[in-house]
Amino acid sequence: MLPSLRTFLTTVAALTATVNALPQDGSSFGGSTSTSSFLAVPSSSSTASTSTTACNNSPDLCGRSYGNITHMGAHDSSFLRDASTSNSIAGNQYFNATVALDAGIRLLQIQVHNEGSVIEMCHTSCSLLDAGPLQNWLVAIKAWMDSHPNEVVTLLIVNSDGKAAADFGSVFSASGIDKYGYVPSGVGAWPTLQEMINADKRLVTFIASITANSQFPYLLSEFDYVFETPFEVTELSGFNCTLDRPLSQSSAAAAIQAGLLPLMNHFKDDLLAASITVPDEGNIGTTNDPSTTTQGNLGLHAQTCLQQWGVKPAFVLVDFFNEGPAIQAADNINGITAVGRKTTGARTTTVATATAGLKHRGLGVGAGALVAFVAAALVLA
């Protein structure tokens with residue numbers, strides 16, 4: 001980030017109104033319908049479950065290994081672009097965590113920073129977009145899990161300031177969500193969803209990066225279990241299936257052979273200037289499309305990775321999850337017809353948020369204003 005831009009963001013953030021960034025009570029959402037997809041195997045196939053109880057929105061998923069399911073995820077799930085943040089262009093989602101969970105999202109990715117000894121959910125900098133303390137967010141996720149006992153949820157936390165596992169452990173314990181923490185028996189050894197549900201160990205938590213601590217064994221160092229594809233994509237042609245992290249693995253094939261689960265990053269950024277990027281809202285209809293017909297489609301990317309890897313992506317991260325709708329791509333890969341989701345309505349400019357909890361600042365700045373500032377900064381540099 002340019003020094004002048006950092007100063008600008010800090011100054012503007014100090015003047016902005018406070019926002020409520022807790023997971024939302026609920027709202028409706030929607031997106032376009034795909035006309036072309038892949039692997040759309042209906043649940044009436046010969047391997048379909050006869051159970052009427054759904055696990056992660058489908059009876060057919062109950063008997064499957066956690067590692068043999070594609071879990072659709074919301075990238076930067078706590079950072080909103082809605083009325084609560086004055087439609088900040090730094091926001092990656094229109095709807096927050098509990099709305100995402102109601103929609104079938106089962107992977108929530110967030111970024112945290114150390115803010116005055118508090119683990120705070122901040123986007124790059126707490127001056128840019130501050131979604132509040134991690135503990136408050138975890139309390140709301142736990143409440144959702146309490147009321148949805150047949151759902152397995154995955155968290156992926158980017159540990160930007162290198163907090164220790166014990167620091168996270170104290171926050172998880174204080175929120176009460178640690179009761180659901182799942183501890184794997186080893187890399188590549190995953191139970192079925194039903195087994196996790198029966199044991200009531202339904203929360204898988206990856207943190208990038210931490211050193212494992214036996215006192216908090218449910219806090220998993222991400223790259224001991226997961227590998228990722230590249231994530232700094234600024235062109236629709238830029239999505240690929242190569243290994244980006246961890247560096248300890250030489251290739252995606254090697255990582256899969258070692259038992260690591262594939263995470264496919266599929267979100268596009270707009271490059272404003274130098275290394276300054278913001279989520280690309282304009283192309284989201286193409287980016288999140290579950291079809292396989294057009295370069296940049298989510299469905300095409302997933303199909304390509306499946307063909308190259310020989311296994312399905314275990315995790316997929318997208319911006320603006322309700323658009324596409326992205327969840328359809330996961331359903332296609334998993335070969336299910338989902339039940340029990342809230343999928344009606346469309347995004348509006350005003351989104352209802354939870355009324356409880358602390359309020360935190362957000363940088364509400366439009367794309368035009370930010371682009372103008374960047375241009376001026378470059379001229380004056």
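Only heavy atoms go into these numbers, but all of them, side chains included; no hydrogens, no water, no symmetry mates.
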Checklist entry - Tell me, do Phe168 and Leu134 make a side-chain contact under 4.5 Å, heavy atoms counted? => result yes
Indicate every side-chain donor-acceptor pair of residues 205-222 with a distance under 3.5 Å to a residue at least two apart or in another chain.
unit_1: Asn213; atom_1: OD1; unit_2: Gln215; atom_2: N; d: 2.8
unit_1: Ser221; atom_1: OG; unit_2: Ile210; atom_2: O; d: 3.1

Item to check | Under the side-chain contact (heavy atoms from CB on, under 4.5 Å) test, residues paired with Asn198 that sit two or more places apart | outcome: Gln194
Item to check | Heavy-atom side-chain contact between Leu298 and Pro290 under 4.5 Å | outcome: no
Next on the checklist: Can you pull out every disulfide (SG to SG under 2.5 Å) where at least one residue sits in residues 175-217? Sequence neighbours excluded, please.
Outcome noted: none
Next on the checklist: Using the rule given for side-chain hydrogen bond (donor to acceptor under 3.5 Å, both in side chains), can you reason through Tyr66 versus Asn56, listing the C-alpha separation, both sets of side-chain angles and the distance that settles it, and then say yes or no?
Outcome noted: CA-CA 11 Å; Tyr66 171 88; Asn56 284 26; over 6 Å; no
Checklist outcome for this item: Quick note, ring-ring contact (aromatic ring centres under 6.0 Å, His included) partners involving residues 268-290, not counting sequence neighbours, are none
Checklist outcome for this item: Residue set satisfying ring pair (Phe, Tyr, Trp, His ring centres under 6.0 Å) with His123, at least two apart, ordered chain then number -> Phe79
Checklist entry - Which one of Phe95, Tyr94, Phe267 satisfies the side chain to side chain contact (heavy atoms under 4.5 Å, CB included) criterion with Phe320? => result Tyr94
Checklist entry - How would you list all residue pairs meeting ring-ring contact (aromatic ring centres under 6.0 Å, His included) that involve residues 268-297, not counting sequence neighbours? => result none
Checklist entry - Under a 4.5 Å cut-off applied to non-hydrogen side-chain atoms, are Leu108 and Leu101 in contact? => result yes
Checklist entry - Out of Thr154, Asn57, Thr70, which residue meets the side chain to side chain donor-acceptor pair (under 3.5 Å) rule with Arg106? => result Asn57
Checklist entry - If we only count heavy atoms from C-beta on, is the Glu120 to Val112 side-chain gap below 4.5 Å? => result no
Item to check | Worked check of side chain to side chain contact (heavy atoms under 4.5 Å, CB included) between Leu263 and Thr229 | outcome: CA-CA 7 Å; Leu263 185 153; Thr229 64; 5.6 Å; no
Item to check | Test: Arg202 and Glu151 ion pair at under 4.0 Å | outcome: no
Checklist entry - Just checking, is any N or O donor in the side chain of Thr234 or Asp269 under 3.5 Å from an acceptor N or O on the other one? => result no
Next on the checklist: Under 4.5 Å between side-chain heavy atoms, counting indirect links through other Ile/Leu/Val/Met/Phe/Trp/Tyr residues: same cluster for Val339 and Ile197 or not?
Outcome noted: no
Next on the checklist: Show me the pairs that pass disulfide (SG to SG under 2.5 Å) and involve residues 297-339, at least two apart or across chains.
Outcome noted: Cys241-Cys305
Checklist outcome for this item: Residue set satisfying side-chain contact (heavy atoms from CB on, under 4.5 Å) with Lys201, at least two apart, ordered chain then number -> Tyr182, Ala199
Next on the checklist: Is any side-chain heavy atom of Leu300 closer than 4.5 Å to one of Thr304?
Outcome noted: yes
Checklist entry - With Ser170, which residues qualify under side-chain contact (heavy atoms from CB on, under 4.5 Å), at least two apart? => result none
Next on the checklist: Testing the 3.5 Å rule here: is there a donor-acceptor pair between the side chains of Asp331 and Asn334?
Outcome noted: no
Checklist entry - Rounded to the nearest 0.5 Å, how far apart are SG of Cys122 and CG of Asp130? => result 4.0 Å
Next on the checklist: Suppose the criterion is side-chain hydrogen bond (donor to acceptor under 3.5 Å, both in side chains): which pairs have a residue in residues 239-249, not counting sequence neighbours?
Outcome noted: Glu228-Arg245, Asn240-Thr242
Checklist entry - Within a strict 4.5 Å, meaning less than it, do heavy atoms of the Leu272 and Val278 side chains meet? => result yes
Item to check | Phe321 CZ to Asn288 CG distance, which is reported to the nearest 0.5 Å | outcome: 10.5 Å
Checklist entry - Per the side chain to side chain contact (heavy atoms under 4.5 Å, CB included) rule, which among Leu138, Asp178, Val153, Val152 passes with Leu203? => result Val153
N/O donor-acceptor pairs under 3.5 Å from side chains in residues 310-319, not counting sequence neighbours:
unit_1: Lys312; atom_1: NZ; unit_2: Asn68; atom_2: O; d: 3.4
unit_1: Asp319; atom_1: OD1; unit_2: His75; atom_2: ND1; d: 2.7
unit_1: Asp319; atom_1: OD1; unit_2: Asn92; atom_2: ND2; d: 3.1

Checklist entry - When rounded to the nearest 0.5 angstrom, what is the spacing between CG in Leu129 and CG in Leu80? => result 8.0 Å
Next on the checklist: Ignoring hydrogens and geometry beyond distance, is a side-chain donor-acceptor pair present between Gln303 and His301 at under 3.5 Å?
Outcome noted: no
Checklist entry - Yes or no on salt bridge (charged side-chain N to carboxylate O under 4.0 Å, His left out) for Arg64 and Asp60, after CA distance, side-chain angles and deciding distance? => result CA-CA 8 Å; Arg64 291 193 202 173; Asp60 297 315; 5.8 Å; no
Item to check | Residue pair Asn159, Ile119: steps toward the side chain to side chain contact (heavy atoms under 4.5 Å, CB included) verdict | outcome: CA-CA 9 Å; Asn159 183 16; Ile119 300 180; over 6 Å; no
Checklist entry - Does Glu195 have any side-chain contact (heavy atoms from CB on, under 4.5 Å) partners at least two apart in sequence or in another chain, and if so, which? => result Pro191, Thr192
Checklist entry - Taking C-beta and beyond as the side chain, do Tyr225 and Trp190 meet within less than 4.5 Å on heavy atoms? => result yes
Next on the checklist: For the CD atom on Glu232, are there more than 12 heavy atoms of other groups (residues, nucleotides or ligands in this structure) within a distance under 6.0 Å?
Outcome noted: no
Checklist entry - Nearest heavy-atom pair of Met145 and Ile177: which atoms, and what distance? => result SD-CD1, 4.3 Å
Checklist entry - Does any non-hydrogen side-chain atom of Asp76 lie less than 4.5 Å from one of Gln111? => result yes
